[in-house]
Amino acid sequence: MACATCLTHGSDVATPGDKLLEVDHLCVTFATEAGAAKVLDGVNLTIRAGEIMGLVGESGCGKTTLANTILGILAGNARAEAGRVWFAGEDLFALPQRRMARDVRGRRITFIPQDPFGSFNPLFSVGAQTRELMKWKSPRRAPGEHQGLAGFFARYPRARRRADAEAIVQMLRSVQMPDPAATAGKLPHEFSGGQRQRLMIALALLPQPQLVIADEPTTALDVTIQAQILKLLKQLAKSRGISVLFTTHDLGTAYEICDRITVMYAGQEVESAPVADFFGRPQHPYTVRLLESLPRPGRELREIGGEIPRLIDPPSGCRFHPRCARASEICRKERPPATSLGGGHEVRCYHPVETPP
Amino acid sequence: MSQPPLLEVEGLSRHFPVRNMFGWQIGALRALDGVSFKVRPGETLGIVGESGCGKSTLGKALAGIHAASGGRILFEGTDITGCSAVQRRSVAPKLQYCYQDPGNSLDPRWTVRRSLAEPLIVHSALTARERDARIAKILEQVGLPLTHLELYPHELSGGQQRRVGLARILTLYPRLVVLDEPTSGLDVSVQASVLKLLRELQAAFTLSYLFISHDLSVVRAMCDRVAVMYAGRIVEEAPTERIFASAKHPYTLSLLAAIPNIGGERITDTFALEGEPPDPVRPPSGCRFRTRCPRAAAVCAGTDPPLRRIAPGQAAACLFA
Amino acid sequence: MRTARDIALKLIGDPSAALGLLIIVALVAVAVLAPLIATHPEAVWDMNPRDRLLPPSETYLFGTDRMGADIFSRILFGARITLTIAIVAVGAALMIGVPIGLISGWCGNWLGEALLRVSDIFLAVPQIVLAIAISQTLGPSIENVILALSVTYWPWFTRLVHAEVRALRHETFIEAAIALGVPTWRIVLLHVLPSVLSPIIVRTSIGMGFTILTASALGFLGLGAPPPAPEWGRMISEAREFLPEAWWSALAPGLAIFLVVMGFNLLGDGLRDVLDPRIRRGNPGR
Amino acid sequence: MRIAALILVRVAWLAPTLAGLVAIVFVISRVIPSDPVALLAGETASRAQIELLRQKLGLDRPLPRQLLDYYGQLARGDLGTSLFTTRAVWDDLSARLPATMELTIAAMILAVALGIPLGVVAALYRNRPTDHALRVVSVAGLALASFWLALMLQLFFAMDLRWLPLQARITGFPPPPITGFYVIDAVLEGNFKRLGDVFAHLILPAVTLAIPALATVVRFTRAGVLETLQRPFVTYQRAMGIPAGLIVWKYVLRNSLVSTVTQIGLLFGILLAGAVVIETVFQWPGIGAYAFEAILHSDYAAVMGFTVYAGVVFGIVNLIVDILHAVLDPRGTAA
Amino acid sequence: AQAAGTRFVFANESDYDTVDPHAAFDVGRVAVRLNLYDGLLRWQKNPAVLEPWVAESYVISPDGLSYTFKMRKGVKFHDGSEVKAQDVVYSLDRILAVGKGASSLFKTMIDPGAAKAVDDYTVEFTLRKPSAIFLSVVPEIHIVNRALVQKNEAGGDWGQAWLSKNDAGSGAYKLTQFDPAVGFVAQRFPDHFKGWGTKWLDEIEFRGVKDTNTRVLGLLRDDFQGIGGYLQTDQLNRIKSNGTAQVLEAESMRVMMAQFNMTRAPISDLHVRRAISYAFDYDGFNKDILGGLVERNPTPLPNTIWGVPKDVKGYSFDLDKAKAELAKAQAKIDKPIELAFLTGFQQSEQAAQLLQNGLTKAGVPSKVVGYPWPTIVDKFKDPNTTPDVSIYWISTYYADPHNWVGEMFSSSTAGTFKNAAHYKNPKVDALLDKALSLTDQSERAKLYEEATRIVVDEAAGLWIYNTKWYGPYSNKLKGIVFYPIGSAQEMRTAYYEG
Ligand SMILES: Nc1ncnc2c1ncn2[C@@H]1O[C@H](COP(=O)(O)OP(=O)(O)OP(=O)(O)O)[C@@H](O)[C@H]1O
Ligand SMILES: Nc1ncnc2c1ncn2[C@@H]1O[C@H](COP(=O)(O)OP(=O)(O)OP(=O)(O)O)[C@@H](O)[C@H]1O
Ligand SMILES: [Mg+2]
Ligand SMILES: [Mg+2]
């Protein structure tokens, strides 16, 4: 192939432990009526191959923005001011948009949306939408096959179509869709929320990606359905060795499926740790307070107090300092550097909490 | 316990007509299908169940937003089931419904002050000055600064909107408040502060709550008793601790098993329930849970198990409970 | 919800809406001040056949028409007619259409359905045909033009309000007001009406333009305001025979209609952008 | 099946709607101060002669009775006889109907075929020069008085440049109609020279008629596309790397059209109204000019016939809109 | 299949929506009657004279009641059959039975069955009472092919349905195509009894084109080779300067006037009427607005016809006199005087505006109202609904003073558009009745002069002009003959040259 950085798929699934995705000091601003909102301000994140990474934080802290930045589908008024996104050794920002759309999005990185209701086009059958995806993103697609504008009217090669159709049925079976054969003809509204979310998972896995970005995939679901979906997603990701960036604000779900968890606060990551460490000995005051505000039997309810900052003129230094009891002068001035506590546990705090195990 | 119940619901049901594309009725959606329970003064009754099981419909039927299709609602001993809109208006101040989505329950074009004054204008004969005083007091009690009075709903955060929603209801000093999912969509920290507020208000105003939620951990933190709903029915009812300690209905058990338990066993390893909630237009015969129930047997398809007492204060609708 | 000041500021900030506003303000000013600005205030009725069809000059800024009247002055006075027709006709259509829309939208029962059907029936007749019939029935006069236009325009308001109210009825804040025990009339007048106000305003503005066009088409067909009223459509119709030689006689009224209708439409579009909640929703909350 | 049911219901609705429409116009036309019978009787007829004729025509009976009579007539498919042309109204209408239909359909096709892509483009380039230019043009299109535009087009294209015919539907006296739609007739006869001639005659009136409609289509499509672009499925498709052109022209467009077709349906009424003016200016032997004349002559039967026709067209257009709706939106929640 | 040069297209302001010769009596659509049909007599020349046509000669009985026409032999209908007396009888019966067009005129003189075929070529009419104008209307008895029409009768309709679309005539042209929405086409009938010269038009097409502007533009583009309607000066100048068309010019007898509703105050007051007559700017209208293309007629009669009192000068534009008359008036003008014009007729509208202008200056309030022709004719029927002043034309239906002063001021026509004044004056009635019963033109002329003097003195109307006729035709068209009743729509003599 002409381009050295283009990887063929299937053959080179990165071995566990390799860095698959690395987000390096990413800054994103949104131009709004009131001014520029610094929604992401130096976010760092690393996902290793085969790992499920949880990204948790309050609503509005920038989780979706981060996911969209990685996928390169930021809204028109957003701008990545600084930082890099490395994916399997490639600088995604350096990649031309067309290559990004053709080779990365939906192919090597796929997406599971939060809202299984709105993310299907209500007017096209599920089958048609699946076929559309596979026409462009099937792992069996030859590299040079009808591209760009010419592909707009191009036919879907017969042989591949048949192979893809088989793969689709297979996949529907693995996500436990009842009656996979009948699925294709139905319209999205004929499925329940849980079924639609399962379809979304199937669509995300069909192109055999290396990374799946799941943006709060279960918040729209009921507890029992959520449990089913989480179980399914975890099983499939693990069995296929796919990395997942799992975005949520629900600590409970994060606990369920993640290997590691990164906490974000107002556009900055504050702590990142393996799941056991994260819940066992949280270091950042924000993480601690977050965990404390979960309702637990026999414990008083405790809120964090204060308000999340406005992103137009965020607090200087550590963005949490206005709400932090431990804040000192330096917290107001400078963002704390990442401190490694070993075992992949990193925290950005000048005054970490020494929690007893 | 010997006090007369504040609210008594008997066999309440609510059916929504199902229409085809031409507006002809072709069936009924049994959103609520024979629900009975009692709420005593000062008590918090939790209603749990998954989306679409009829929780909001129940709350709205109590608040008079939906007319009941059957059954009776006794509030303070009087039957308020079939009363007219005008009669209903006299009950409204005492029995209030607090929306699942408080942001949307406020008129987006009205300032907080105007929204708060509205119930007082309708239900009281207070002068403008007295109203302002009352509003100021309530606002303080829900923990909002007076400066927020001139803001519009969209200028408030989710937690603040919820506080305004509560304040609007509390201006009339109700006796029973139906709280419809008061914490859904909130971040944990905001959720904690709202729950705290609800407790404080309950003490301050001697309120009773009908606490609707799908989050069992929240219910556990707030409620005295819990009723579990499934597909328009109550399938189990018991004091909160009993539910968590010895629930009997398989659906309650599944629900409990579906809540992530941080630090404990992972539900992704243990959870076993399969299938989807039934279509409320065509519920399965017999026990409605049988299509998903791990314990389901042939008899379950034939008999619709009634809610029956299985322990002091505990009732369940399962043949095997 | 934005305050009136915000809306005004935003309108002015949008070049095309500002242009529309400017045109409308100018129209109103011209209509009010016509006797002061007009160079030949008597031109509305006084004809001077000896000076007919003169090209624009210093005395006759826009030239003269077939009767020798000053076109400039007639255009100015015509603004009064145009504005009166637009305001009264659309105003009357509002008075009929909005209440019916509110009632039919609020009462989802047979009454609402019946009212909607009635408005459908009126929609089924092409507006200009009904307008011709009415002005033919009652004789051509400005009052009858207005009557004809409002009789045919109200269903548009009914449809609009009906659809909005139907959607609003299921809005949580309306339901919440019901639950609070707020009387129906208060809900309809204080919650529902203000909420449908912005689409109504937009529709009103566009309707003004539409009405002016239809009125001038009636004038063109000879069924509008009777002579010597300087109605713009009539002026074009009169000037038509002298084209292209006496181009000025059709140009001025043609341009006047074009500008004013465009003004109302631009303003309507601008208002839609500012007022329409669907577009507003795209903006960040805080 | 669903569509068949839809058609049935629509057709069932048509009857009461038409009845109401007829009643309204009936009343309006009967209060016209001039007396068509007197006119018909001739300029020098005596009172007695007039009364006799009035009796003969059944116009002396009470209004409700006349209305009932008319309903009865309608039910028999009889639109009555024109007082002025003395021909059956149906004959008059059907001779002119194809002309109007050809004109309005051509205008509609122009408006839709150009308006939809332009609307999409305007939405895609929202708030950029392309969008602003298109918006100004579309607003201007709405603001142009059609009679003025018609005149200007005639002067320029037919007189100055002599590119296009000035008036009429065809050069020379119209050939005997097959369907009455000259485009179709020319194709059926395989006469392509005539087809060209017919098209040339169609251009100016159709363009004049189409311009306001085009402007409306552009505006509604733009709004619809803008709204659809906000929907989550667009984000999802983008995130999954579906080609951008495909997202817009296949998926977004179809969703936006669901709301635009309703507007296009309403446009038909406006086109029909515009036809009255345009047919007069272009000497188009259609139903609009006929209606205008009929109203001027207080020709009851002709006015009523036109009304019924307009009502039926409205009904049919609504039906088509509903069918389009059903086709575009297979969920069956529409109607 | 005709050579290009021999086809003629005429665009007329009114539609040819029927080709039944007995259905209409208006000047606008006279082309149907003159080209497809023939009568016993026909108006020809300008000033118009009655010429024998299908009839060779006629005899009037001394009592003036019986008219006997001798017909030519060998006159052929388009189907080849011969025109006979029975066809004439049938045609008159049909006119009276159908009750349209000219029937109202015939009904005043003759009853059904009053025509008799003495033999195949002799027809006799017996009048109810002597009438000086009977001969004038004989040309309106357009002869239809009885056998053919009777064959196509349906339900005793006298073949109305059929004849409205088909041809049963003997005229110089034979109908080939008809579309009520467009017009008609006719082919030369080589066997026409009048014979043909060396040049002719093979095919003629008459179509209705409502819009004046479109008609003019069409002429300039050579879409049409002739157009109808009375055009404005400016349009005529435009045609002349364009070079593709000529404008033929001839004396015409159409008069434009304002009818006063004499039954109601304040118009019933002589001085008010005189004031109004003084308040109209005749020169401003005739010279400036109409560019001098017309000629002032001070009386209700066209200047060119006999019976005009030459010494009568009429009224002039003089606001001082108008004010003086108003001062003498007894009636109070407490509400605006209604000036009615004909919708769609620019001249009538402009005249109304100009009259309003003068009245305003004279201190008389007025309002201008437009009515379509059918509406206003209806309004005339009742004095209470008749507008105070109505401005329109009286065309030449037959060339006899009775067409103007006779019908306009006879109490028998009160309430028709001819006498919208509801004018009733026993003295005038006596003069007019007398004039009708005589046959001697010079004697009759005196009576009409006398009557005219009276109505002018009474200011019983306001007479504006007496038109010239301007015929815009293609440059290459020759042989057009204008005579007032034919409006130059008779194409028998026309041909192309160059
Ligand atoms: N297109 C946009 N224009 C302006 N601001 C935006 C835009 N999109 C997002 N934002 C702002 O950026 C911030 C982060 O948004 P984002 O959606 O990434 O948060 P999130 O963490 O995903 O929240 P949630 O949990 O609610 O989904 C929010 O304050 C939001 O208001
Ligand atoms: N106005 C209505 N018309 C028709 N059906 C309705 C209406 N409101 C609710 N339903 C139906 O009734 C059933 C119960 O709805 P309800 O809102 O009470 O559920 P819920 O338990 O509150 O769910 P959630 O957790 O999603 O709020 C659902 O199937 C719903 O679709
Ligand atoms: Mg998000
Ligand atoms: Mg609910």
Side-chain angles (χ1 to χ4, degrees), chain D residues 32-47 49-50 53 81-82 84-88 91-92 95-96 99 147 150-151 154-155 158-159 162 165-177 279-287 289-290 292-293 295-299, chain E residues 7 9 11 15 17-18 20 23 25 99-105 107-108 157 160-161 164-165 176-185 203 205 207-211 213-215 217-218 220-221 223-224 343-344 371-381 385 407 412-413 415-418:
Chain D
I32 290 181
S34 74
D35 181 353
V37 182
L39 288 175
L40 190 68
E43 283 147 352
T44 49
S46 71
R47 286 265 155 215
Q49 284 171 316
I50 294 173
L53 184 61
T81 305
S82 160
F84 274 83
T85 67
T86 64
R87 275 182 298 273
D91 290 347
D92 277 350
R96 287 170 171 84
F147 46 92
L151 213 61
Q154 276 185 327
L155 284 177
M159 299 310 292
R162 302 222 167 204
L166 175 75
Q167 47 91 39
R169 291 179 72 192
I170 195 165
T171 304
F173 202 83
E279 286 179 359
T280 310
V281 176
F282 286 100
Q283 193 50 38
W284 199 263
I287 207 162
Y290 178 74
F292 181 57
E293 283 294 302
I295 293 171
L296 285 191
H297 287 119
S298 317
D299 192 345
Chain E
R7 194 181 142 78
V9 182
D15 280 332
D17 54 5
T18 172
D20 184 339
F25 178 39
K100 287 181 185 162
S103 73
S104 52
L105 214 54
K107 278 180 188 160
T108 61
D157 73 340
Q160 279 194 76
S164 73
K165 294 186 267 214
T176 49
Q177 270 178 297
F178 172 64
D179 181 341
V182 183
F184 71 89
V185 182
E203 193 174 59
E205 175 181 330
R207 43 168 80 204
V209 175
K210 275 271 134 54
D211 195 70
N213 211 43
T214 306
R215 279 202 305 278
L217 295 180
L220 298 182
R221 282 182 109 243
D223 283 6
F224 314 127
T343 306
Y371 296 108
W373 178 246
T375 311
I376 201 166
V377 168
D378 186 45
K379 280 181 172 285
F380 290 157
K381 301 226 143 93
T385 55
E407 291 199 47
S412 68
T413 53
T416 66
F417 78 98
K418 286 262 178 98

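By convention in this document, chain letters (A, B, ...) are assigned in the order of the sequence lines, proteins followed by strands, and residues within each chain are numbered from 1.
For a residue to count as touching a neighbouring chain, one of its non-hydrogen atoms must lie under 4.5 Å from one of that chain's; by this rule D:Ala158 touches chain E with backbone and side chain alike. For E:Asp179, the parts lying near chain D are the backbone and the side chain together; criterion is any non-hydrogen pair under 4.5 Å. Of the atoms belonging to E:Val9, not a single heavy atom falls under 4.5 Å from chain D. Contact of E:Phe184 with chain D is made through the backbone alone, with heavy-atom distances under 4.5 Å. Heavy-atom distances place the side chain of E:Lys107, and not its backbone, under 4.5 Å from chain D. Residue contact with chain E, scored on non-hydrogen atoms closer than 4.5 Å, is absent for D:Arg169.
Going from atom CH2 of D:Trp284 over to atom OG1 of E:Thr214 covers 13.0 Å, rounded to the nearest 0.5 Å. Taken from CG in D:Leu166 to CG in E:Asn213, the straight-line distance is 8.5 Å, to the nearest 0.5 Å. The distance from atom CD of D:Gln283 to atom CZ of E:Arg207, rounded to the nearest 0.5 Å, is 7.5 Å. We find the CD-CG distance between D:Gln167 and E:Asp211 to be 10.0 Å, quoted to the nearest 0.5 Å.
With chain D as partner, the option from E:Val185, E:Thr343, E:Leu217 having the largest number of non-hydrogen pairs under 4.5 angstrom is E:Leu217. The candidate with the highest count of non-hydrogen atom pairs below 4.5 Å against chain D, out of E:Gly183, E:Gly218, E:Ala161, is E:Gly183. Heavy-atom pairs under 4.5 Å with chain E were tallied for D:Ala95, D:Pro174, D:Gly286; the largest tally goes to D:Pro174.
Here the closest non-hydrogen pair linking E:Ala181 and D:Arg96 is CA-NH2, 3.3 Å. Counting all heavy atoms, side chain and backbone alike, D:Arg162 lies closest to E:Leu220 at NH2-O, 3.5 Å.
Counting only heavy atoms from C-beta outward, the side chains of E:Gln177 and D:Pro175 never approach each other to under 4.5 Å.
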Before you tell me yes or no, could you show the steps for E:Glu203 and D:Phe173 under side-chain contact (heavy atoms from CB on, under 4.5 Å), namely the whole-Å CA-CA distance, both residues' side-chain angles and the distance that decides it to 0.1 Å?
CA-CA 11 Å; E:Glu203 193 174 59; D:Phe173 202 83; over 6 Å; no
